[in-house]
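We count ligands from 1, going down the list as the structure has it; atoms in each ligand are counted the same way. Throughout, residue positions are numbered sequentially from 1 according to the sequence presented. For clarity, every value in this text was computed on a predicted model and none was experimentally measured.
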Amino acid sequence: MKIGSVKFFKVVILSAIALMIIIPLVLSIVFGVRSVTLSRGINELAQEQNRMQAMLTTQESLLRLTSGERLSQPIADNIQDTYANSSSAPSFEYQTLYANLYSEIPSIKKTDDRVAYLTFDDGPSANTLRVLEILDKYKIKATFFVTGPSSEAHPDYLKAIIDAGHTIGVHSYSHKYDAIYASVDAYLADFEKMHTFIYKTTGVFPEIFRFPGGSVNSYNSYLYEEIISEMTRRGFPYYDWNVSSGDVSLGITRQDIIANVLKGSEKQNRSIILMHDRLDTENTVSALPDIIEGLQAQGYTFAPITSDVRPVTFNYRK
Ligand code: ZN
């Protein structure tokens, strides 16, 4: 084939036409594949964003709760809405359990008063009636977070607490940290057992609770947020404390207990005071009159914890 011949130009023209078809075809295939890959990436990012949003919503809801505000929408519902288009929607099987274990979500009462909330954990005990007598003498109402075996042993004391106008909250049935904090299901099972016992014995539906060891402790560090979410969804507020009497510390004296409470309450305006009602807390009973009079001298009035009292909760932001 001679350069410049008709045949030569034919080949050149045909080759040019072929290239004009092949190059755009190849390019369109390459970009087509690339665009599919990119849109997949975008989808994954959008799903990740949804997940982050769900976590943030939960976190904000929990924070609002710790500042005393109530949730208008259940936390788990928020998560499920956000997960609606996601393939990895989580399941909350335990939400379907214990259909009667719901409390009416209360509105928080605002107060500027200097109020002390005396709380007694782990009872009732052989000391309960003496505690009630002292409270009665000072015309003070307090709060008892009770446990299972001691309530089974003294159901009449639960009634005496209610009859005297005090509040009973759920503490725990077994009070065995490793068992109740093994899972959300385990926590709910224990809570329900105690709740039912109190309700059956006194006829009063307990609306408040206190976590054994406080809401955040070394046994529940990996799931306390999930337990709190679930209990919040069910309408139960929990109460930690901001003043500790230290009354179950080894070798503590009556004077130490009084000093711990009065020193702790000085800097507070609302004091939720942790004490115990157990066989080994004789010192608490004998310290109680001085604690009450000392708090009165600091300008405190006393009230029982009801579900409309703004909770004191431990700060668990990481
Ligand atoms: Zn306890």
Side-chain angles (χ1 to χ4, degrees), residues 116-132 135 142-155 157-158 161-162 166-184 186-198 201-202 206-221 223-224 227-228 231 236-252 256-257 260-261 264 271-285 287-288 291 304-305 307 309 311-314 316:
Y117 303 91
L118 301 177
T119 68
F120 298 90
D121 285 13
D122 301 355
S125 77
N127 286 319
T128 305
L129 295 182
R130 289 174 62 206
V131 171
L132 290 180
L135 294 173
T143 308
F144 294 77
F145 291 104
V146 300
T147 53
S150 55
S151 296
E152 302 264 13
H154 306 286
Y157 291 180
L158 291 193
I161 292 169
I162 293 292
H166 307 291
T167 317
I168 290 184
V170 171
H171 192 32
S172 162
Y173 190 90
S174 75
H175 205 268
K176 289 183 177 138
Y177 291 23
D178 47 353
I180 62 173
Y181 294 132
S183 65
V184 181
Y187 182 81
L188 281 177
D190 177 88
F191 183 97
E192 198 269 343
K193 200 172 174 188
M194 191 69 247
H195 191 275
T196 301
F197 188 87
I198 298 167
T201 309
T202 65
E207 295 182 326
I208 58 167
F209 72 106
R210 170 171 285 158
F211 285 98
S215 59
V216 184
N217 57 65
S218 56
Y219 287 83
N220 71 5
S221 55
L223 91 168
Y224 61 86
I227 300 178
I228 290 169
M231 296 310 292
F236 294 97
Y238 66 96
Y239 293 81
D240 287 319
W241 56 89
N242 56 7
V243 177
S244 176
S245 67
D247 62 351
V248 286
S249 305
L250 218 59
I252 187 124
D256 292 336
I257 295 170
N260 285 344
V261 173
S271 286
I272 295 191
I273 300 165
L274 173 67
M275 293 180 285
H276 293 80
D277 171 17
R278 305 195 323 204
L279 202 55
D280 62 346
T281 50
E282 278 274 324
N283 277 337
T284 309
V285 184
L288 195 52
I291 287 173
I305 297 178
S307 59
V309 169
V312 162
T313 54
F314 295 157
Y316 53 83

According to salt bridge (charged side-chain N to carboxylate O under 4.0 Å, His left out), does anything in residues 239-251 pair up with another residue at least two apart or in another chain? List the pairs. none
Report for the Zn ion (ligand 1), protein N, O or S closer than 2.8 Å, by chain and number, lists D122 OD1, H171 NE2, H175 NE2
Distance from E207 atom CD to F236 atom CZ, nearest 0.5 Å? 8.0 Å
How many angstroms lie between atom CD1 of I161 and atom CD1 of I168, to the nearest 0.5 angstrom? 4.5 Å
Taking the six-membered ring for Trp, is the centroid-to-centroid distance between Y219 and Y181 below 6.0 Å? no
Among I180, I228, V216, T313, find the one that has a side chain to side chain contact (heavy atoms under 4.5 Å, CB included) with F211. I228
Flag for T147-D122: side-chain donor and acceptor within less than 3.5 Å: no
